[in-house]
Number of protein chains: 2
Amino acid sequence: MDMGNRKRLILQAIIEDYINTAEPVGSRTISKKYLTGTSSATIRNEMSDLEDMGYIEQPHTSAGRIPSDKGYRLYVDTIMKQNTINEAQREMIKKEFIDSMGEIDRMIKHASKLLSQMTQYTSIVIAPQFRRTGIKQIQLIRIDKAVILAVIITDAGILKNSVLRLKQDVNPDALIRITNMLNDKFAGLGMEDIESFDLQDLLNNSMGHGEIIEQVLPELIQTLLYSDTSEVYRDGVSNILNLPEYSNINKARDFLNIMEERELLFKVLNDVHDDVNVSIGKENKLEQFKECSLITATYKINDKTIGSVGIIGPTRMEYSKAISIVECMTNNLSEILTNILKR
Amino acid sequence: MDMGNRKRLILQAIIEDYINTAEPVGSRTISKKYLTGTSSATIRNEMSDLEDMGYIEQPHTSAGRIPSDKGYRLYVDTIMKQNTINEAQREMIKKEFIDSMGEIDRMIKHASKLLSQMTQYTSIVIAPQFRRTGIKQIQLIRIDKAVILAVIITDAGILKNSVLRLKQDVNPDALIRITNMLNDKFAGLGMEDIESFDLQDLLNNSMGHGEIIEQVLPELIQTLLYSDTSEVYRDGVSNILNLPEYSNINKARDFLNIMEERELLFKVLNDVHDDVNVSIGKENKLEQFKECSLITATYKINDKTIGSVGIIGPTRMEYSKAISIVECMTNNLSEILTNILKR
DNA sequence: GTTAGCACTCTACCGAAACGAGTGCTAATT
DNA sequence: AATTAGCACTCGTTTCGGTAGAGTGCTAAC
């Protein structure tokens, strides 16, 4: 059976009406609101075909049709019109960012809030990923007897610090030499390189500071590699309770439960690599998201992906709007973060 | 009318039964389950008195009674038995902390998770408050042309850093002199002192570095005073959906909405100063908490309050258990944080 | 002061009936 | 051959009356 243009229009009508109303759409509704030139009987026939083709479903006899995941997929890929957010909204995102600039952290939280406010779904954002950047500089600062502070500055201008407690005191000169040594070794390296770093090699060339380096380095590497896992921000979690899909308390609870699993959310967002990705319903790997759609996008510093943002909503999602917003958001984030670096 | 011992027992019975069942408690239930020697008729009379005295309420004629806020208050203050958590649970809290030690941040998140898991309510924790500590040391580090990193180390060993971008480059020697100058002025001061700090005075004695100090200082003070607002962690928000109080979607949504207002939560937790505080129902200043109870406790470093934790639940809360858990938690937090310092 | 008994009240629950939205099929129309 | 009108049928939702049950307040007896 082929997909005539009228079928396409009917599918579009069903999806868009269902997105608005969350009610199964009947043939008469379509005939009256969308395809006024066509009778409901004709549309019924077409709908029957669409059902056979798997694009729509019937919750029960004598109800209208609702889109299937496959239907949404076709819609997203070939039917819907793109970029529906208007210039004013784009400006809003841009402007809001300029206002919130300063601390990267605050900016990220703000991005999350904006996303959820504009879409009325739940947003998730992961903070810039240290691991994905390179090391620019390492500074060791003596703050007390046998206590030093390690500050790490990355390509992306992100800082990490950790307090290292040593067994013995270090004199300032030695500390400077050690700092230089570490910088020689580490500056310019990517985090991937650190993982396979040869500790022994460094120790052999430690010019008498072996003992100290032996104490400092493991902690330092630890900080470098693992400190920034799972910095996840959510916003608008309560938005989903406005949706009829979640008027069922149990579903709502399930959803909220996942939203409290930071590590899980982190993972989900972290292994997306496309610029913009749309996962519809059962396309999601996670069992708990089988009735949701997830729109994700990555943001970059100097064209290197270092984080991502996402929107979670019901499969009945305003895809077009959500996609444009997420896209616009990551573009702005990338631009601003990259600029912060250049300054 | 005076409060005889039997009235007290009946009130206790009503409250404890209601805490367990969330159903209005009738006279027959009490006569059968709690005061087996007394007939339901007698208890009815007593209950009528208790209602007149304002300790219990009737949702409608021909329903049992439920405790009023005043009733809970009396219960918490004079009736309930204290410290109901057992040694095993105490050990659990202690042990969990030892496991999660290391980064303060992680520890705080973990505390929040533990609180909500053990109580099955929603927990809120605010991270150690920088503002409430004194400055130990300030370090300025040149990381690039006209870019310096300010690291602040406080009494409590907490660090803050901010990147400062200057209009002109600074040579290392000047930076050291400036650093020393700042340390002379700031080290040992409490955050309260900073607020009233006389900028002009420092500028007058700036030994030729006035221009740089003028650029550095405002940002630095900004960081000191405002950077750590609203580091709030929540956990177990979805727990409340298990409670019959929130089977009504609207109430649940209201609750979730508040829980997304970090600043609000921060404020609520931040202006509690007692060691342990219980606010019941309408005793809460916040409109949205009029049907909740809030148990808060503060934790300290070296006997100086620097943060607090709290539990939010329905007025029908297991006060005794919740209070002990919160108390135990803050004691452990205080101890461990204080020890971290000493090391 | 306490208790048994009883009339009364109010809610929650249940089932039947009416309703209405929507379908699928058939026959007529274009 | 495609479209449409008409109609019987299905199934979920709403409404409504009736009933059961829990609990009270009051009275009279103990």
Side-chain angles (χ1 to χ4, degrees), chain A residues 1-11 13-15 17-18 20-68 71 244-245 247-248, chain B residues 1-11 13-15 17-18 20-68 71 244-245 247-248:
Chain A
M1 196 178 316
D2 74 320
M3 186 80 177
N5 192 46
R6 188 167 61 189
K7 280 197 179 52
R8 186 167 266 109
L9 285 173
I10 290 172
L11 180 58
I14 291 173
I15 291 178
D17 200 77
Y18 187 67
N20 284 325
T21 64
E23 297 289 330
V25 187
S27 54
R28 217 177 109 82
T29 310
I30 295 178
S31 155
K32 282 208 156 181
K33 272 174 63 182
Y34 299 91
L35 292 154
T36 40
T38 319
S39 82
S40 66
T42 309
I43 291 170
R44 267 203 294 288
N45 291 331
E46 297 279 44
M47 281 165 84
S48 185
D49 292 348
L50 282 170
E51 186 167 1
D52 290 341
M53 295 155 86
Y55 293 116
I56 55 181
E57 298 168 349
Q58 215 172 359
H60 58 265
T61 13
S62 93
R65 304 302 210 294
I66 60 175
S68 67
E245 278 83 347
S247 60
N248 177 334
Chain B
M1 198 176 318
D2 75 320
M3 185 81 176
N5 192 45
R6 189 167 61 192
K7 279 197 177 54
R8 187 167 265 110
L9 285 173
I10 290 172
L11 181 57
I14 291 172
I15 291 178
D17 201 77
Y18 187 66
N20 285 323
T21 64
E23 296 289 330
V25 187
S27 54
R28 219 176 108 82
T29 311
I30 294 178
S31 156
K32 284 210 155 179
K33 273 174 61 182
Y34 299 92
L35 292 153
T36 39
T38 317
S39 80
S40 66
T42 308
I43 291 171
R44 268 203 293 287
N45 290 330
E46 298 280 43
M47 282 166 83
S48 185
D49 292 346
L50 282 169
E51 185 166 1
D52 291 341
M53 292 155 89
Y55 294 116
I56 55 180
E57 297 168 348
Q58 215 173 358
H60 58 265
T61 12
S62 94
R65 304 303 211 293
I66 59 174
S68 67
E245 279 81 349
S247 61
N248 176 335

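Chain A is the first sequence line, chain B the second, and so forth, proteins listed ahead of strands; every chain is numbered from 1. Quick note: numbers below take in every heavy atom, side chains included, and nothing from hydrogens, waters or symmetry partners.
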Between A:V25 and A:Y18 the two heavy atoms that sit nearest each other are CG2-N, 3.9 Å
Identify the two heavy atoms, one from B:I30 and one from B:A13, that lie closest to each other, and give their separation to 0.1 Å.
CG2-CB, 4.2 Å
More than 12 heavy atoms from other groups under 6.0 Å of CZ on A:R28:
no
Spatial distance of atom OG1 (B:T42) from atom CE (B:M47) [nearest 0.5 Å]:
12.5 Å
Search all heavy atoms of A:S40 against all heavy atoms of A:S27 and return the closest pair with its distance.
O-CB, 3.6 Å
Taking atom OH of B:Y34 and atom CD1 of B:I14, what is their separation to the nearest 0.5 Å?
10.0 Å
Exam field: side chain B:T38 to backbone B:S31, donor-acceptor pair closer than 3.5 Å:
no
Rounded to whole angstroms, how far apart are CG on A:L50 and P on C:dG22?
17 Å
I'd like to know whether A:E51 forms a side-chain contact (heavy atoms from CB on, under 4.5 Å) with A:I56, so could you lay out the CA-CA distance, the side-chain angles of the two residues, the decisive distance to 0.1 Å, and finally the verdict.
CA-CA 5 Å; A:E51 186 167 1; A:I56 55 181; 4.1 Å; yes
Is there a residue in residues 54-67 of chain A whose heavy atoms reach under 4.0 Å of DNA chain D, and which residues are they?
A:H60, A:T61, A:S62
Looking at residues 22-35 of chain B, who's got a heavy atom less than 4.0 Å off DNA chain C?
none
Could you tell me the separation between the CG atom of A:D17 and the P atom of C:dA21, rounded to a whole number of Å?
15 Å
Spacing of A:M47 atom CE relative to C:dC25 atom C1', expressed in whole Å
16 Å
Protein proximity profile, nucleotides 1-6 of chain C - base contact B, sugar-phosphate-only contact S, no contact -, cut-off 4.0 Å on heavy atoms
-SBBB-
Spacing of B:D52 atom CG relative to D:dT24 atom P, expressed in whole Å
14 Å
Which heavy atom of B:S68 sits nearest a heavy atom of B:G54, and at what distance?
OG-O, 2.6 Å
Please determine whether side-chain contact (heavy atoms from CB on, under 4.5 Å) holds for the pair B:D49 and B:E46, giving the CA-CA distance in whole Å, both sets of side-chain angles, and the decisive distance to 0.1 Å.
CA-CA 5 Å; B:D49 292 346; B:E46 298 280 43; 3.8 Å; yes
